[in-house]
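Single-structure report; data block below.
One-based numbering, in listed order, for ligands and for the atoms of each. Here the structure is a predicted model, which is why all the values come from computation and not from measurement.
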Amino acid sequence: MTMRQDYPAVQTLLQQATLDTSLKSIAEKILRKERITPEDGLTLFEKGDIGFLGALANHVRERMHGDKTYFNRNFHIEPTNVCVFTCHFCSYSRLYKNREEGWELSIDQMLDIVKKYDNQPVTEVHIVGGVHPKMQLDFFVELIQKIKAHRPDLHIKGFTAVELDYMFRKAKVSLEEGMRILNEAGLQSMPGGGAEIFHPDVRAKICHDKVDGDGWLAIHRAAHNQGMTTNATMLYGHVETYAHRIDHMEQLRQLQDETHGFNTFIPLKFRNKGNDMSDIPETSIVEDLKLYAVARLYMDNFPHLKAYWPMLGRNTAQLTLSFGVNDLDGTIDDTTKIYSMAGAEEQNPSMNTAQLAHLIKQAGRRPVERDTVYNEIKDYTDVVFSEEELLTK
Ligand code: V47
Ligand code: SF4
């Protein structure tokens, strides 16, 4: 496979006599590598059809990454699903008063999970869970130190801004101080969860009691200033409007201009099973693909756009690779329960490396294993897998 040198799809689009003039001028900006405005972003959502958006987003994706599609080998630890907050979209958490219905892992139990991977080539542990009132900063410092003592080469990516906001407030430390303590203990980066939609009107409806948008951004800024990299998410497809999505992406784009600390933007499709928002229908695949494409076009300073396949399903995830996505998360033993409990197709979200690389190749892309900060570990393009490797877990 070679990187495509010309972009006939985009050129053909621009020559169409029927193309809306505002869409044409946005496409021309993108071809000139100019930043698009919030109004342009809205126009793309409102007027861009899937063919137009896909061709443009794919152009940008290939300009940035060619055919490379990254994946990493990680596993998750979810310390607890007990949570003091009451996000209406959440199918996963249990309130403290109902904690016997949930789980609470001790440090030793979490170390046992780490030890299960002792002879496996995983490069990252992703630690994220509910906000438990009794699991505090000291507890997590000890956990991180013990994981690092056991396996120093394992990259620790952990804790959403929601968990950290609560942890730091309970410990009465500033964001900067809290971030320094965790970083010195061995925390190297942060996942992007808890962002949802920043706009206060939406937050009031779906997650009124946890950290607000400014607070989320302040924690990521503090992490970036501490030299850590982080990800950003956006939970879409519920009560938000296109304008709310653009506002969310704009705030992230501005922070990225300031710090350059974000690696990856991860849109998360709202899944409606087993939560208080089950009456809201889920978005169609066409709407999902359009969102990925607009995200690739709008987030021009985010190096990577990731599809989280355990939540989207393998088939849609494969399609996103033609709509701007250059990273598929979740390979071996991706042990999260967040999405299976919300009704995602993938009830056992686990693929071996051969299966994931094969999925990427089937979509005409080059599978490249990366570490958390996108150092390339191995290009699997020319690796031939056996039937057995493709069939076994
Ligand atoms: O913040 C919760 C989302 C997030 C539902 O940074 C839901 O590499 C859809 O952020 N339907 C946590 N989404 C997970 C997360 C994540 C996942 C993978 C990789 C990374 C990364 C981060 O899950 C929450 C929330 O937005 N979520 N419930 C639901 N019903
Ligand atoms: Fe708690 Fe996170 Fe669920 Fe909100 S989404 S209730 S913060 S576990």
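Listed by number with element, the atoms of ligand 1 under 4.0 angstrom from any heavy atom of D329 are 8 (O), 19 (C). Atoms of ligand 1 lying under 4.0 Å from at least one heavy atom of F270, given by number and element, are 9 (C), 11 (N). Close approach of ligand 1 to K306 is summarised as follows: ligand atoms under 4.0 Å from at least one heavy atom of the residue are 8 (O). Short contacts between ligand 1 and N275, defined as distances under 4.0 Å to a heavy atom of the residue, involve ligand atoms 30 (N). Under a 4.0 Å criterion applied to the non-hydrogen atoms of G194, ligand 1 contributes the atoms 1 (O). Taking every non-hydrogen atom of E196 and a distance limit under 4.0 Å, the qualifying atoms of ligand 1 come out as 1 (O), 24 (C), 25 (C), 26 (O). Atoms of ligand 1 found under 4.0 Å from any heavy atom of T233, numbered from 1 in the order shown, are 10 (O). Here is the list of ligand 1 atoms found below 4.0 Å of a heavy atom in P191: 6 (O), 21 (C).
When the heavy-atom distances from atom 20 (C) of ligand 1 to H76, K269, H126, H88 are ranked, the shortest goes to H126.
Taking the six-membered ring where tryptophan is involved, the planes of F262 and F302 are essentially parallel, since the angle between them stays under 30° and well short of 60°. Using cut-offs of 30° and 60° for the angle between ring planes, the Y236 and Y292 rings count as perpendicular. Between H304 and Y70, the ring-plane angle classifies as perpendicular under the 30° and 60° cut-offs. Using cut-offs of 30° and 60° for the angle between ring planes, the W216 and H220 rings count as parallel.
Listed for the Q136 side chain is no donor-acceptor partner under 3.5 Å among the backbone atoms of A171. The main-chain N or O of R61 is never found under 3.5 Å from a side-chain atom of R296 such that the two would form a donor-acceptor pair. Not one N or O on the side chain of H208 forms a donor-acceptor pair closer than 3.5 Å with the backbone of K205.
For F385 and H358, the distance between ring centers is not under 6.0 angstrom. No close placement of the F89 and F270 rings is indicated, their centers lying 6.0 Å or farther apart. Ring centroids of F45 and Y242 are separated by less than 6.0 Å, placing the two rings close together.
Counting heavy atoms under 4.0 Å from ligand 1, residue N272 does not touch it at all. Counting heavy atoms closer than 4.0 Å to ligand 1, residue F89 contributes atoms from both its backbone and its side chain.
Applying side chain to side chain donor-acceptor pair (under 3.5 Å) to D327 and the options K306, K68, R370 leaves one that passes, R370.
For atom 3 (Fe) of ligand 2, the nearby protein N/O/S atoms, meaning those under 2.8 Å, are C90 SG.
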Practice task
I would like to know whether N301 and H260 meet side chain to side chain donor-acceptor pair (under 3.5 Å); could you show each step before the answer?
Solution key: CA-CA 8 Å; N301 53 5; H260 305 286; 6.0 Å; no
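Close to ligand 1: I266, with a non-hydrogen atom less than 4.0 angstrom away. The shortest heavy-atom distance from K157 to ligand 1 is under 4.0 Å.
Shown here, atom 2 (Fe) of ligand 2 is out of close reach of the protein: none of its heavy atoms lies under 4.0 Å off.
Salt-bridge annotation for R203 and D212: absent, with no side-chain N of the basic residue lying under 4.0 Å from a carboxylate O of the acidic one.
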